Chemist: 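Below you'll find the structure I mean.
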Amino acid sequence: MTAAESGVFRAQYEALTQDGTGPGWLGALRRDGFAHFASRGFPGPREEAWRHTNVAPIARATFALPEPGRTVPAERLSRLDFGGAFTGWEIVFVDGHFSRELSSPSGAEGVRIGSLADALRDEPERLRPHLARLAPPDDTDPFRGLNAALLEDGGFIELAPGVAPTAPVHLIFFSTGDAGRPTVTHPRTLVVAGGGSHATVVETYAGAEGGAYLTNAVTEIVVEAGARVDHYKLQRESEGAFHVSTLAVELGRDATFSDHNVCVGGALVRQHVEARFAGQGGDCALFGLFVGDGAQHHDTRTLVDHAVPHCTSRELYKGILGGRSRGVFHGKVLVRQDAQKTNAYQANQNLLLSKEALVNSTPALEIHADDVKCKHGSTTGQLDPLALFYLRSRGIGEDAARSLLTYAFASDLVSRITVQPVRVALEAFLHHRLPAAPQEAVA
Amino acid sequence: MLEIRGLRARVGGNEILKGLDLTVNAGEVHAVMGPNGSGKSTLAHVLAGRPGYEVTGGSVTYRGRDLLALSPEERAREGVFLAFQYPVEIPGVSNVYFLKAALNAVRKHRGEPELDAMDFLALVKEKAKVVDIDESLVKRPVNEGFSGGEKKRNEIFQMAILDPALAILDETDSGLDIDALRVVAGGVNQLRSKDRAMIVVTHYQRLLNFIVPDRVHVLMDGRIARSGDKDLALELESKGYEWLEGQVAAR
Ligand SMILES: Nc1ncnc2c1ncn2[C@@H]1O[C@H](COP(=O)(O)OP(=O)(O)O)[C@@H](O)[C@H]1O
Ligand SMILES: [Mg+2]
């Protein structure tokens with residue numbers, strides 16, 4: 001066991017399990033999670049699932065618990081909440097804890113939006129059927145076990161059957177961690193969309209500039225029969241941050257789920273996205289954009305589990321890699337024996353902007369049924385020299401032409417984002433990251 | 001306007017242009033004809049500055065300046081325009097955005113103020129008429145999913161917007177039916193002016209019924225094999241390129 005495992009994590013685990021509050025099932029979950037974590041420790045580079053992502057910097061770090069009572073600078077928060085352009089409910093977590101002052105009043109008829117900590121205290125029975133059901137502690141990903149052991153707070157969103165609030169929900173997780181003293185949080189979010197309901201949920205992960213910290217987040221989303229959830233995740237962590245996360249989704253009969261994963265921040269990032277069809281007629285769309293520069297490392301692993309027949313899944317991940325950055329995409333579509341009439345599409349496209357940038361792409365289909373339509377593909381390339389010449393031959397400078405084409409590469413993903421402030425923020429980010437790029441929407 | 005002397009160029013390791021001479025004055029329209037593979041597009045791309053097209057000898061003087069010393073974008077800003085034989089599809093960039101960026105780059109270079117969105121759209125409306133281009137095409141991503149004819153119209157539309165001093169049209173006629181050809185040629189004719197020179201590259205004489213050239217040159221094996229007036233094109237049409245090929249071989 002390393003110093004990190006025996007240090008802050010064990011101390012926090014002991015504090016949480018010994019304080020005697022909380023329901024018994026939660027204690028059992030914590031014990032199970034910590035046992036999974038402690039028995040195997042952090043994954044090593046020789047493990048197949050972690051081959052391309054070395055978490056030694058996390059294993060080596062000595063984390064501290066965040067000091068209580070810190071806050072987000074107002075100016076910073078206003079940038080994270082889209083400069084006030086966001087019209088939904090906003091829930092802010094600072095260093096892993098719900099901030100009542102920074103959050104807007106939440107909820108409406110049939111819509112429960114709040115903090116997991118409040119729900120654990122006041123009505124744990126509402127959480128019990130679902131918490132850690134889709135993302136239980138397991139042996140391949142010890143971070144998940146650690147989250148189960150140490151979870152304290154996060155979003156809890158519950159929609160009654162048939163409810164369709166027009167406003168989206170925005171969860172902001174902000175870490176104040178400073179460079180000299182890396183901190184760690186384990187945000188845990190649960191979304192339960194009752195039958196026929198419709199929710200839009202945006203998660204933003206960010207931190208203080210120059211901050212060193214680990215975010216170890218798990219989000220579970222239950223989309224019940226005929227319901228629809230559109231989920232956005234904006235990973236905008238600080239430059240020095242570690243970010244490890246799991247998104248686990250279950251789609252009931254005729255349920256619809258879309259995910260838009262925007263991964264641009266952090267130093268070392270590993271994301272798991274898992275969607276499982278539990279009823280026929282489900283429709284799942286996974287979109288992702290990772291943009292790396294400098295020495296950033298972005299690794300996303302997706303799994304679409306066609307466990308039942310007659311479901312459709314589409315997946316498109318794009319990577320833009322500059323500097324010495326590295327991108328990893330591992331996407332698996334699993335079509336189980338019973339899942340006839342499955343329609344599954346998966347693609348990963350990457351754009352390398354420099355010679356030192358690197359991407360590992362492994363799309364994988366595992367098909368055990370015979371009457372299915374499945375397609376997958378992966379491409380990695382540079383900007384098209386002929387397109388570049390075409391733009392330049394019209395008077396557009398080389399840098400501007402490069403930026404324009406890079407922006408264009410991402411544009412189909414950007415244009416799929418229907419929550420306008422989110423789209424505008426992403427456009428602004430891309431313009432900022434691609435300095436000579438256009439100052440207005442392109443297509 | 002343009003003076004090409006002894007131009008030699010290599011593409012992919014092969015010498016394609018082998019000492020080409022051509023002079024075009026302002027107000028003139030020159031046709032460059034020649035069999036497939038004779039180097040017409042290579043000449044067009046060399047003039048536009050395509051990377052990888054290596055000039056190994058000769059000179060190109062444009063309005064008194066060494067054209068070959070300029071980057072592709074500088075050439076465009078100085079008024080050189082190439083209508084591509086195979087216009088490039090650029091998914092994700094709308095035609096209108098692309099054109100506005102291009103026009104404003106050119107205007108900035110000329111010391112003119114950038115056009116705002118309103119003025120630009122007015123210009124688009126006006127110039128769309130020149131080639132009868134559907135305005136919905138203007139909003140779509142550059143050339144993406146355009147038919148062959150729409151792509152060619154789009155090239156001439158871009159030319160009309162950018163208002164170049166030297167326009168090189170590379171087989172703008174190929175792949176057009178007779179009606180489209182009429183429209184495109186009509187657009188080109190509207191853009192003829194005493195300040196503008198045009199080089200019209202074509203494989204067939206057909207286009208020259210609509211765009212009547214001041215001079216006709218036949219490019220063969222990387223050189224101008226014959227120059228003449230518009231009747232040369234008719235002679236070529238009746239006798240075929242073999243007629244000249246024999247003469248070139250005999251040289
Ligand atoms: N990118 C290239 N790489 C190698 N050879 C090329 C390339 N482009 C053109 N060529 C060759 O150069 C010659 C002239 O081509 P081109 O200029 O396109 O002729 P034209 O336009 O007259 O039909 C041909 O033999 C062609 O195969
Ligand atoms: Mg050609």
Side-chain angles (χ1 to χ4, degrees), chain A residues 287 289 291 316-320 347 349-351 353 377 379 381-417 423-424 426-427 429-431 433-443, chain B residues 44-45 47-53 70-84 86-110 114 116-117 139-144 151 154-155 157-159 161-164 168 170:
Chain A
F287 300 111
L289 175 66
V291 183
L316 174 62
Y317 266 74
K318 287 192 174 188
I320 300 175
Q349 295 162 3
N350 304 299
L351 180 60
L353 297 178
T379 57
Q382 281 131 25
L383 292 176
D384 175 9
L386 193 54
L388 213 47
F389 173 59
Y390 191 67
L391 295 175
R392 295 176 71 192
S393 80
R394 300 303 185 241
I396 297 170
E398 184 172 3
D399 286 348
R402 281 183 184 283
S403 297
L404 193 56
L405 292 177
T406 304
Y407 188 92
F409 175 78
S411 69
D412 57 338
L413 289 172
V414 175
S415 65
R416 280 175 196 282
I417 296 177
R423 194 179 60 241
V424 170
L426 179 57
E427 282 166 354
F429 166 80
L430 290 173
H431 292 154
R433 192 55 92 70
L434 312 167
Q439 294 306 306
E440 58 188 90
V442 176
Chain B
H45 281 131
L47 293 178
R50 180 163 170 189
Y53 283 54
L70 304 179
S71 68
E73 55 269 35
E74 287 167 331
R75 298 181 197 197
R77 293 169 193 168
E78 287 287 335
V80 177
F81 180 88
L82 168 61
F84 283 53
Y86 303 108
V88 182
E89 299 195 7
I90 308 187
V93 179
S94 78
N95 230 344
V96 60
Y97 179 80
F98 159 61
L99 269 176
K100 187 160 174 253
L103 179 62
N104 281 333
V106 171
R107 290 179 65 96
K108 193 169 165 205
H109 181 76
R110 291 182 192 152
E114 297 197 352
D116 64 22
K139 300 202 175 85
R140 288 202 354 220
V142 180
N143 294 323
E144 195 189 30
K151 285 182 182 168
N154 196 24
E155 294 292 289
F157 171 61
Q158 291 175 30
M159 172 170 113
I161 297 261
L162 295 176
D163 191 24
I168 305 151
D170 190 1

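Below, chain A is the first sequence line, B the second, and so on; all start at residue 1. Predicted model only: the values in this text are computed from it and were never measured.
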Chemist: Would you say that more than 12 heavy atoms from the other residues, nucleotides or ligands in this model lie under 6.0 Å from the OH of B:Tyr86, or not?
Modeler: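 No - once you tally the heavy atoms of other residues, nucleotides and ligands closer than 6.0 Å, there are 12 at most.
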
Chemist: Out of curiosity, A:Ser393 OG to B:Leu162 CG, how far, rounded to the nearest 0.5 Å?
Modeler: 9.0 Å

Chemist: Could you tell me which of B:Pro87, B:Ala76, B:Gly52 has the largest number of non-hydrogen atom pairs under 4.5 Å with chain A?
Modeler: B:Ala76

Chemist: At a heavy-atom separation under 4.5 Å, does B:Glu74 approach chain A through its side chain, its backbone, both, or neither?
Modeler: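 No part of it gets close to chain A.
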
Chemist: Are A:Arg394 and B:Leu103 close enough that some pair of their side-chain heavy atoms sits under 4.5 Å apart?
Modeler: no

Chemist: Using side-chain heavy atoms (C-beta onward) and a distance below 4.5 Å, is B:Pro51 in contact with A:Arg392?
Modeler: yes

Chemist: Any idea how B:Phe84 and A:Tyr390 line up, ring-wise: parallel (<30°), tilted (30 to 60°), or perpendicular (>60°)?
Modeler: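 Taking A:Tyr390 first and then B:Phe84, their aromatic rings stand perpendicular (interplane angle over 60°).
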
Chemist: What do the steps show when you test B:Val88 against A:Phe389 for side-chain contact (heavy atoms from CB on, under 4.5 Å), and what is the final call?
Modeler: CA-CA 9 Å; B:Val88 182; A:Phe389 173 59; over 6 Å; no

Chemist: Go through B:Arg140, B:His45, B:Arg50 and name the one with the most non-hydrogen pairs under 4.5 angstrom from chain A.
Modeler: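 Heavy-atom pairs under 4.5 Å are most numerous for B:Arg50.
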
Chemist: Could you measure the distance from the CG atom of A:Leu391 to the CD atom of B:Glu73? Nearest 0.5 Å is fine.
Modeler: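 Spacing of CG (A:Leu391) from CD (B:Glu73) equals 10.5 Å.
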
Chemist: With a 4.5 angstrom heavy-atom cut-off, which part of A:Leu388 approaches chain B: side chain, backbone, both or neither?
Modeler: neither

Chemist: Taking all non-hydrogen atoms of both residues, which atom of B:Ala105 and which atom of A:Gly395 are closest, and how far apart?
Modeler: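 That closest heavy-atom pairing would be CB-O, 3.2 Å.
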
Chemist: Measuring heavy-atom distances to chain A, does B:Val142 have an atom under 4.5 Å in its side chain, in its backbone, in both, or in neither?
Modeler: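 For B:Val142, the contact with chain A is made by the side chain alone.
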
Chemist: Once you round to the nearest 0.5 Å, how far does CG of A:Leu386 lie from CD of B:Glu89?
Modeler: 11.0 Å

Chemist: Report the distance from atom CG of A:Leu404 to atom CD1 of B:Ile90, rounding to the nearest 0.5 Å.
Modeler: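 Going from the CG atom of A:Leu404 to the CD1 atom of B:Ile90 covers 7.5 Å.
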
Chemist: Measuring heavy-atom distances to chain A, does B:Arg75 have an atom under 4.5 Å in its side chain, in its backbone, in both, or in neither?
Modeler: neither

Chemist: Which atoms form the tightest heavy-atom contact between B:Val93 and A:Ala408, and what is the distance?
Modeler: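 Looks like CG2-CB, 3.5 Å.
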
Chemist: Provide the closest heavy-atom pair for A:Ser411 versus B:Gly92 in the form atom of the first, atom of the second, distance.
Modeler: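 Closest pair (atom of A:Ser411, atom of B:Gly92, distance): OG-CA, 3.2 Å.
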
